[in-house]
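What follows is one structure encoded as structure tokens, with my remarks underneath.
Just so you know, these numbers use all the heavy atoms, side chains as well, and skip hydrogens, waters and symmetry mates. Everything numeric in this text was worked out from a predicted model, so none of it was measured. Quick note on labels: first sequence line is chain A, next is B, and so on, each numbered from 1.
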Amino acid sequence: MSIVPKETIEVIAQSIGIPNLSPDVALALAPDVEYRLREITQEAIKCMRHSKRTVLTADDVDSALNLRNIEPIYGFASSDPLKFKRAIGHKDLFYLDDREVDFKEVIDAPLPKAPLDTAVVTHWLAIEGVQPAIPENPPIEAIVAPPDGKKMDHGKDDSLPIDLKLPIKHVLSRELQMYFDKIGELILGRADTPLFKDALLSLAKDSGLHPLVPYFSYFIADEVSRNLNNLPILFALMRVVKSLLSNPHIHIEPYLHQMMPSIITCLVAKRVGHQISDNHWAIRDFASKIVASICRRYGHVYHNLQSRLTKTLIHAFLDPSKALTQHYGAIQGLSALGPSVVRLLILPNLETYMQLLDPEMQLDKQKNELKRKEAWRVYGSLLLAGGSCLYDRLRLFPGLLSPPDILPWKTNKKIALTNLPNNKRKASSRLTAHQPPTKKLAVDPTGTNSQFPSTDGPVTSSSSGSNPNHHHSHNSSNNNSSSTGNITNANANINNVSGSGAHGQRVAVSNVLRQAWKEDLDAGHLLSSLHGLFGEGIFSFIQPAEMHCFI
Amino acid sequence: MEEEVEKAVFVYLRKKGFRLTEIALQEEQTRLSSDASSLSRSESDAAKYYDGYGKLRSWAYNSLDSYRHELLRVLYPVFIHCFMDLVAQGHMQEARTFFQTFREDHEMMHLRDLQKLEGILSPSHLEEMELARLWRQNKVKIRLCQYSYELLVQYLHKTQSLAMLGVINEHINFEVYPGQPASMSDDSEAVSLIGTSQDLAREINQKELHWGLLEDSVEERMEKTLSESDKTEVDGNKEADTEDNNKKKTDGNKHSTAVNNKKKKDKVVGATGKTIRSESSMVSVPPRVKPELTLPQFPPEVEQSILEDLRNRVQLNSLALPSVSFYTFLNTHNGLNCSTISHDGSLVAGGFSDSSVKIWDMAKIGQPGRASNPQGENGSMQGMHSLASDEAKRPYSLLQGHSGPVYSVSFSPFADFLLSSSSDNTIRLWSTRLNANLVSYKGHNFPVWDAQFSPMGHYFATASHDRTARLWSVERIQPLRVMAGHLSDVDCVQWHPNCNYIATGSSDKTVRLWDVQTGNCARLFIGHRSMVLSLAISPDGRFMASGDEDGTIMLWDLSTGRSVSPIIGHSSCVWTLAFSCEGTLLASGSADCMVKLWDITSSMKALKTDDSKSGPASRLRLLKALPTKSTPVYTLRFSRRNLLFAAGALSAGS
């Protein structure tokens, strides 16, 4: 009934030397103790008010005891309010952190600096009702300081006009906290439920999520590094990233630097998920798309964003010591950044790289089936990258492959085919072109095919006509290359010309068009070199319309 | 036989319509009859109180809107008495539960009282605690309109709730008035219900109050000289002033006409007297009164300086706000209890909890060498020499003499003396020229919370924990008057500008105005909900502002004793209040680190438009809030030229 429990009375009695207080007495005393406590507190509050303070100190209680003619309690003198600490494990239990002081230590310690003496300084709080903006006055848009107990030590008091930058406390509403927790839970546990889809939708659309972005970016970075082996979670995280990026209400730029590493990790990590069982290629593809979209959206704001990214990726690509999976990721990432990046960064290195890749793909040289599969994957991605680049060029310059007259190319077919082995090209490229079709087909359906429709939709439909096309493009490339004097192309050109005597007319045409095609020369190169490297696989990237005009 | 008589009595009562008496009689009978079974009763008493009160409460809350607030007023005293009854009967446990259950309803209005009463747990506490005793011994008077009263009686009759009936009969006096219930806002009476204070206040506030300014004051003389000698030169300057005054005074007159006939007569006399005297202006200045104390004469050179100041006074109003010069105390280590600023702002004094008083001379602070000298070398010096050099090194003069925390300091009008009051029960008078203690005044039996010099000097008033305020003259060590009447500590004291009255604010949540000649209470102001911490009286002597612990500032009309406008001015204790010299602005300083400026004139105008009795009084208009940098404002003072000085201690971290 009284807020002072009778146990307290018993303890106090024991402490002053009354070992066995009868419970009745304690019970009777408890209410009175409470009453006295209240009385003293009331007086102490009065003293506090008259000392013009709003925090009760031990001195006030002493003064109150004095008012009542009671001996004050010694040993608690302090000009500051006492600092209570919460007892660990108890909700409402507090104690004074009263350290035991070694007497000797105190005596030996050097005298503390004398406290600064009281001083009075003046300033204008207002001049004719207007507060001047001087350091002695609070800033105009006074931020209410969070009472986080950061005590300015007294030594600083004399230098009053310091501008203290107060940390702005950022308060997350309860609802947002719950939302965040829920999303986190979904990502980590139930990413395959329809609920998660709704969550992604909400992340992509809701307007009030901005306060959560730093938390999300931290969460993502944290979880990606922790769950590299868990593909579903990585996937879920990447999907969250994608949703956040697509949310029009979120200003995500300041947090990109936090998110990018995790995304790139997903792209080029050596091992993502279980190497064998999981389809880690998919997450690399997904990540590459996210990276590309980020570059497209924020590349103009952060000028070094793309350059830094490509640098990272090209390093991964060109380092032979890196695993094939990493190479794959790098190629995917680079190719997602667009054909020009592919042209500038991948294609120049393609030949050397193919040398590396080639042995990996051959049945007799690489016995490890897994490795071989990986190599084929890389090959596929390279093909895709090169092809899409080519496609882009061709699309840009539709006139490239449209000579005015249509010739019976069929005759050339044989020649061209026979030409190929004669070409003084790298054995590797020849091998890639001839040996693997079966292999390639075997691989394609599993993974790469799924990419084809997504990146270049209209192309696949044309695959049936690849053979005639082959000649066609080959010829055109020869036309171009003859003018540039590139050795390899010249070779091909010679072969071509010598092999098909009926080409005189075409050569003439090419001469006519040389001027017009001048700027498109590299496209021609491209095709020829790509063809050299990939064989006819590359023709699937040429637009049907153009093919049509050659057929 | 007896029964017959009883019946006859009832018939008689019914015929005459003495319904209350009838109920009382019935109840008395039931009580007598139940007394027989009193033993069994006490057991179920606790539950009865609990149920009875709970029912009464829900009934009151469900009553008709227009009568509800009146009926709710009844709840609080019933609640308190139920609780006390329970305690008195020894049902501690039940009393506690009862209190906790219903306490919330009353927290808004009576938080402080509840906090006090909460601790009562045994019958002996009831005896001991003064507040409880007051409750027990006095009847609460509640004004109800006819219909509310009938509703209540009907309810009590119908429910046969004897416990409630008993409590109400025993402790509440109803004052029934005909007609419609009073408006909600008129709840000042509801705040303080204890015992006689209601009546007392009404009675006291009937008295005549001569609130006008002193005859033959310096200002008046100045006006005279102005009007006589160089009328043309200062015409513009004065015109504005007098015009302003005119407006206000006429307002004032009209207002009091409506309220108090006596007042009116009084003022008209004063006013006519004035018109005769100053032919140039009309009814310009507040009425003049004769001093009741023999007041000292200012020396001519002092008078000269006052005149100089008055000539240079800046006109302040809602459009022209004052400049504020802020004195910040640094490194006080939580030890500064009070501060004061002299009229010209040149001296600043602080009273510290280490019993010392320190005075800073602002003129000397600017001088290099003195202030910048590091202290701490003093230890090596010795004897007289060290004293002298010490003196020279310190940027302030240190006054030591008290043996307890110093709770207030006050400069005499020309800053040649300083008063300090302390928890050692003494007040000391210091000379600022000699930096020495002149007199120690003993008389109070408990810490002296406040001491204030009169506006003319020579006299001073003190307020103490011993529940008295005392009036002293500097040349006598015994008080001249002892003003007793407050029910709790007297926390602050303030002089009326005409020196005939002093105002005191107390922990009993009232403000009183005392006549210095008779020592009687002249006005009692009820309305604050917590301890009154600061007071200020307008320079024309008509209005008083008081600030309390909760941050509320109330403005009172001294002549009527009514509240003009209560405002929630601050979020924390209002430490200080000050009126500008023309009375157009009120400045308030608070523990929430703000100086706020309030428009007085506009609220007075509003006062005139609504007919004083009706509707809620207009609120004071906040003109400007000036936040300081974590420096609670301890003192405010308008100089004679209307520059506002403020002082406070930088509170590090907290």
N/O donor-acceptor pair under 3.5 Å between [X] side chain and [Y] backbone:
| X | Y | value |
| --- | --- | --- |
| His333(B) | Leu116(A) | yes |
| Thr122(A) | Tyr327(B) | no |
| Ser323(B) | Glu128(A) | yes |

Please classify the contact of [X] with chain A as side chain, backbone, both or neither, using a heavy-atom distance under 4.5 Å.
| X | result |
| --- | --- |
| Thr628(B) | both |
| Pro632(B) | neither |
| Ser507(B) | side chain |
| Phe446(B) | side chain |
| Glu94(B) | neither |
| Leu643(B) | side chain |
| His465(B) | side chain |
| Phe645(B) | neither |
| Ser534(B) | neither |
| Val314(B) | neither |
| Asp491(B) | both |
| Ala320(B) | neither |
| Leu533(B) | side chain |

If you measure from [atom1] on [X] to [atom2] on [Y], what distance do you get to the nearest 0.5 Å?
| X | Y | atom1 | atom2 | answer |
| --- | --- | --- | --- | --- |
| Lys52(A) | Ser353(B) | NZ | OG | 12.5 Å |
| Lys116(B) | Tyr35(A) | NZ | OH | 10.5 Å |
| Glu549(B) | Arg49(A) | CD | CZ | 4.0 Å |

Nearest heavy-atom pair of [X] and [Y]: which atoms, and what distance?
| X | Y | answer |
| --- | --- | --- |
| Tyr396(B) | Asp117(A) | OH-OD2, 2.6 Å |
| Leu321(B) | Gly129(A) | CB-CA, 3.5 Å |
| Trp360(B) | Val120(A) | CD2-CG2, 3.4 Å |
| Arg53(A) | Trp575(B) | N-CZ2, 3.7 Å |
| Leu125(A) | Pro627(B) | CD1-O, 3.7 Å |
| Thr118(A) | Asn331(B) | OG1-O, 3.3 Å |

> Asp32(A) versus chain B, heavy atoms under 4.5 Å apart: side chain, backbone, both or neither?
Replying inline: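 Asp32(A) touches chain B through backbone and side-chain heavy atoms alike.
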>> For a quick check under 3.5 Å, do His50(A) and Asn337(B) share a side-chain donor-acceptor pair by atom type?
In response: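 Note: His50(A) and Asn337(B) side chains miss the donor-acceptor criterion.
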> Among all residues two or more places apart in sequence or in another chain, which pass the side chain to side chain donor-acceptor pair (under 3.5 Å) test with Asp466(B)?
Replying inline: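 By the side chain to side chain donor-acceptor pair (under 3.5 Å) rule, Asp466(B) matches His444(B), Ser464(B), Thr468(B), Arg470(B).
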>> I'd like to check Asn137(A) versus Phe326(B) (side-chain heavy atoms, cut-off strictly below 4.5 Å). Are they in contact?
In response: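 Counting from C-beta outward, Asn137(A) and Phe326(B) never come under 4.5 Å.
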> Side chains of Asn66(A) and Ser423(B): closer than 4.5 Å at any heavy-atom pair?
Replying inline: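 A side-chain contact is absent here, since even the closest heavy-atom pair is not under 4.5 Å.
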> More than 12 heavy atoms of other residues, nucleotides or ligands under 6.0 Å from CZ of Phe94(A): is that the case?
Replying inline: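 Yes, enclosed.
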> Is the OH atom of Tyr95(A) crowded by more than 12 outside heavy atoms at less than 6.0 Å?
Replying inline: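 It does: Tyr95(A) OH has more than 12 such atoms within range.
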>> Using a 4.5 angstrom heavy-atom cutoff, name the option from Ser51(A), Cys47(A), Ala30(A), Ala28(A) with the most pairs to chain B.
In response: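 That would be Ser51(A).
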>> Only pairs of heavy atoms separated by less than 4.5 Å count here; which of Glu39(A), Arg36(A), Arg38(A) has the most with chain B?
In response: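 Option with the greatest count: Arg38(A).
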